[in-house]
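Encoded as structure tokens, the structure appears first; notes follow it.
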Amino acid sequence: MTTFEGLGIDARLIQATDELGYVNPTPIQEQAIPVLLSGTKDFIGLAQTGTGKTAAFGLPLLHIIDAAAKHPQALVVCPTRELCLQIVKEIELFKKYIKGVSVVAVYGGTSIGLQIRDLKKGVQIVVATPGRLIDLIERKAINLEQIEYVVLDEADEMLNMGFQDDIEFILKNTPQRESTWLFSATMPPEIRKVSKRYMKDPVEVTVGKVNTANKSIDHQYYVTSAQHRYQTLKRIIDFNPGIYGIIFTRTKVDAQEISERLTREGYDIDALHGDLTQVQRDKVMGQFRDKSLQLLIATDVAARGIDVQGITHVINYELPDDVEVYTHRSGRTGRAGNQGISIAIVHSKEMYKLKQIERINNSKFHKLDIPSGKDVCRKQFFHFMDKLLSADISHGDYETYVPMLAEKFADVSKEEVLKRVAAMEFDRFLKYYENAEDLNVRERGKNEQRDSRGNGRRDGGAYESRRDRGGSNGYSRLFVNLGTKDGFYKASFLQFILDMSDLKKEVLGRIDMKDMNSWVEIEKGAANQMIRALDGKNYKGRRIRMNDADSGGRRPNKRGEA
Ligand code: AMP
């Protein structure tokens with residue numbers, strides 16, 4: 001059996017590991033340590049968490065670095081604050097008998113000033129999360145000029161959390177980097193790409209089985225129309241009473257607006273987006289983390305790096321354009337051995353995106369019907385009954401009330417009591433869903449099938465036929481009383497009018513946005529459809545006015561003033 005001595009580790013390190021009770025090296029240590037000590041430049045270690053990876057790179061680092069030189073020589077980058085602290089703690093234990101070596105943890109969500117002070121003390125090993133490290137680089141508070149060793153720990157998790165650009169930035173900003181050691185539990189294509197770009201002939205070692213896709217996530221989708229997206233979201237939430245989830249939107253306007261709307265309707269939700277201050281952001285994250293918030297709605301940028309345990313659902317309010325972004329989003333669930341669900345709410349015209357994701361991520365989406373009002377009520381009802389049955393009555397003085405209760409309910413049957421409890425809890429809810437409409441967009445006709453085979457950018461059947469009918473030359477110019485003051489910028493405005501009208505981008509011409517108003521060029525054949533979809537509707541409590549700009553404000557098929 002191999003021993004740590006046999007691996008060529010410094011005696012002082014062996015003394016420390018002995019004291020920690022390490023008798024034999026774990027498989028990843030046995031395979032990695034001799035390679036890393038041999039002067040091999042680049043290394044890839046594929047192993048699950050908990051297999052002893054920290055010692056696998058920590059011991060060789062401590063063996064190699066120069067304790068006499070008081071500048072950062074090794075940089076360990078890892079995805080989360082918790083891991084960062086854990087790595088530092090272990091390295092501290094390993095270096096117990098080595099004099100003059102310092103290690104510092106650098107991570108977000110805590111005072112940057114103290115970390116800057118620690119860095120100035122002449123540390124040799126920096127253990128950092130990517131976001132904070134970039135912050136320090138940009139403030140010129142850390143000098144990576146002389147870093148020789150870069151360790152990327154849990155590289156797949158870092159990419160899942162949206163840190164790919166940051167990692168590349170870090171690798172680019174370590175000009176003296178001699179060795180890059182990458183540890184990861186899985187080997188998705190993005191990691192291959194990073195290793196190809198920044199590593200030279202790495203020695204690759206695999207311990208145990210390596211997955212390419214995260215099999216603990218169930219990918220599901222619901223097909224609805226643009227105007228029912230919000231109702232569909234609500235129904236999905238209502239159908240999953242125990243949900244603890246993150247909803248992703250493409251824009252901060254959407255995140256804010258949906259959050260406000262759902263809050264008004266009694267949901268436990270808050271938004272995380274770029275307009276929040278760090279204090280507001282920390283507050284929202286704190287509430288979500290300790291589960292006093294059930295739902296978080298976020299933009300991709302704001303949600304970068306979020307690491308919260310136990311997330312049951314990720315909901316894509318709209319699918320992102322980029323497959324990688326979908327991977328980051330869905331990677332927030334199904335962590336640490338738990339099962340998770342990633343849901344996409346899609347239009348029939350977005351089917352090609354699902355196929356793209358399936359192809360690149362090597363995963364499969366399952367189509368589900370949007371639950372009917374009845375389904376939701378049934379689910380909520382049984383959830384409530386389960387809660388009722390599992391209520392803890394071991395504390396409190398309930399026993400003393402039993403005789404009084406028995407008297408009060410003497411003439412009421414058990415069934416009736418249950419019905420009354422249910423009525424109290426559900427009356428409002430049942431009424432809301434009483435006449436709930438079917439939100440599913442059912443597949444129809446050939447065009448739809450062609451679409452679901454994912455033929456590139458083909459649109460759904462309904463769009464094709466509408467466009468065929470359109471076909472006329474020239475544009476109409478529409479006036480609308482929405483502008484940048486309403487929180488729109490061009491892309492989000494475009495998305496908004498297209499979603500509302502169920503039209504596609506190609507029918508539009510020039511868009512001219514001002515503070516309060518905008519002008520939209522649109523194919524003549526599609527103009528009425530857009531006016532009908534927007535004119536008279538509400539946006540943030542204001543009535544939208546849309547009309548043909550060149551016909552003196554007259555609106556087709558509508559009553560009302562100009
Ligand atoms: P890691 O994967 O580095 O987080 O390590 C997982 C756990 O295994 C930690 O608690 C380590 O202290 C422990 N560990 C690492 N290497 C060994 C070893 N060779 N023998 C016994 N325990 C170890």
Side-chain angles (χ1 to χ4, degrees), residues 1-38 43-65 74-98 101 103-107 125-130 149-161 163 179-187 191 203-211 214 216 307 309 331 335-338:
M1 191 141 237
T2 322
T3 58
F4 281 101
E5 284 90 347
L7 298 179
I9 289 278
D10 187 303
R12 291 166 298 173
L13 293 167
I14 292 172
Q15 194 181 345
T17 48
D18 265 355
E19 284 178 18
L20 290 172
Y22 294 11
V23 180
N24 299 106
T26 65
I28 184 72
Q29 291 161 2
E30 196 175 337
Q31 297 198 55
I33 292 172
V35 177
L36 301 180
L37 289 180
S38 72
F43 175 84
I44 296 176
L46 297 174
Q48 304 292 329
T49 42
T51 50
K53 282 188 289 180
T54 318
F57 64 78
L59 296 173
L61 273 188
L62 288 166
H63 184 108
I64 294 169
I65 58 158
L75 175 64
V76 180
V77 191
C78 63
T80 65
R81 161 202 167 109
E82 288 72 23
L83 186 56
C84 189
L85 288 167
Q86 195 185 316
I87 293 171
V88 168
K89 199 171 117 203
E90 289 209 36
I91 293 183
E92 294 278 6
L93 292 170
F94 299 153
K95 76 179 184 64
K96 185 172 170 191
Y97 297 105
I98 300 188
V101 176
V103 51
V104 68
V106 160
Y107 50 84
I125 303 177
V126 178
V127 183
T129 54
Y149 307 96
V150 173
V151 181
L152 302 174
D153 193 19
E154 301 207 351
D156 51 352
E157 272 306 310
M158 290 199 277
L159 296 200
N160 272 344
M161 292 166 78
F163 287 133
S179 303
T180 312
W181 304 344
L182 184 153
F183 289 84
S184 191
T186 61
M187 195 59 175
I191 304 244
V203 172
E204 190 167 321
V205 158
T206 303
V207 170
K209 252 174 64 192
V210 172
N211 300 325
N214 188 343
S216 53
D307 179 46
Q309 295 304 311
R335 294 160 73 83
N338 295 321

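Keep in mind the model is a prediction, meaning the values are calculated, not measured. Note that ligands are numbered from 1 as they come in the structure, with each ligand's atoms numbered from 1 the same way.
- Here the side chains of Leu7 and Thr2 are in contact, with some heavy-atom distance below 4.5 Å.
- If you take CD1 on Ile65 and OH on Tyr149, they are separated by 9.0 Å, rounding to the nearest 0.5 Å.
- Ligand-side atoms of ligand 1 in range of Gln86: 4 (O), range being under 4.0 angstrom from any heavy atom.
- Residue Pro27 comes nearest to Val207 through the heavy atom pair CB-CG1, 3.9 Å, listed as atom of the first residue, atom of the second, then distance.
- Here the heavy atom of the protein found nearest to atom 21 (C) of ligand 1 is Tyr22 CD1, 3.6 Å.
- In terms of protein heavy-atom proximity, atom 16 (N) of ligand 1 is closest to Gln29 NE2, 2.7 Å.
- Per-residue contacts place Asn24 under 4.0 angstrom from the following atoms of ligand 1 (heavy atoms of the residue considered): 18 (C), 19 (N), 20 (N).
- The closest approach between Ile28 and ligand 1 stays at or above 4.0 Å for every heavy atom of the residue.
- Proximity to Gly52 (heavy-atom distance under 4.0 Å) selects the following atoms of ligand 1: 1 (P), 2 (O), 3 (O), 5 (O), 15 (C).
- A donor-acceptor distance shorter than 3.5 angstrom exists from the side chain of His63 to the backbone of Asp10, with no hydrogens or angles considered.
- The structure places CE of Met187 at 9.5 Å from CG of Asp156, a figure rounded to the nearest 0.5 Å.
- Listed by number with element, the atoms of ligand 1 under 4.0 Å from a non-hydrogen atom of Thr51 are 2 (O).
- In terms of protein heavy-atom proximity, atom 9 (C) of ligand 1 is nearest to Glu90 OE2, 3.9 Å.
- Heavy-atom contacts of Lys53 reach the following atoms of ligand 1: 1 (P), 2 (O), 3 (O) (cutoff under 4.0 Å).
- Each of Leu61, Thr54, Val88 was evaluated against Val76; a single residue qualifies, Leu61, per the side-chain contact (heavy atoms from CB on, under 4.5 Å) test.
- The aromatic rings of Tyr22 and Phe94 sit perpendicular to each other, their planes meeting at more than 60°, with 30° as the lower class boundary.
- Atom numbering of ligand 1 starts at 1 in the shown order; those under 4.0 Å from a heavy atom of Thr26 are 16 (N), 17 (C), 18 (C), 19 (N).
- Shown in contact with Thr54 at under 4.0 Å from a heavy atom are these atoms of ligand 1, numbered in order with element: 1 (P), 3 (O), 4 (O).
- The nearest protein atom to atom 7 (C) of ligand 1, hydrogens excluded, is given as Gly50 O, 4.7 Å; this is a heavy-atom distance.
- Interface of Phe4 with ligand 1, defined as ligand atoms under 4.0 Å from a residue heavy atom, comprises 19 (N).
- Taken to the nearest 0.5 Å, the NZ atom of Lys53 stands 8.0 Å off from the CD1 atom of Ile28.
- When all heavy atoms of Val77 and Pro130 are compared, the closest pair comes out as CG1-CG, 3.9 Å.
- Residue contacts with ligand 1, taken as heavy atom pairs separated by less than 4.0 Å, do not involve Leu20 at all.
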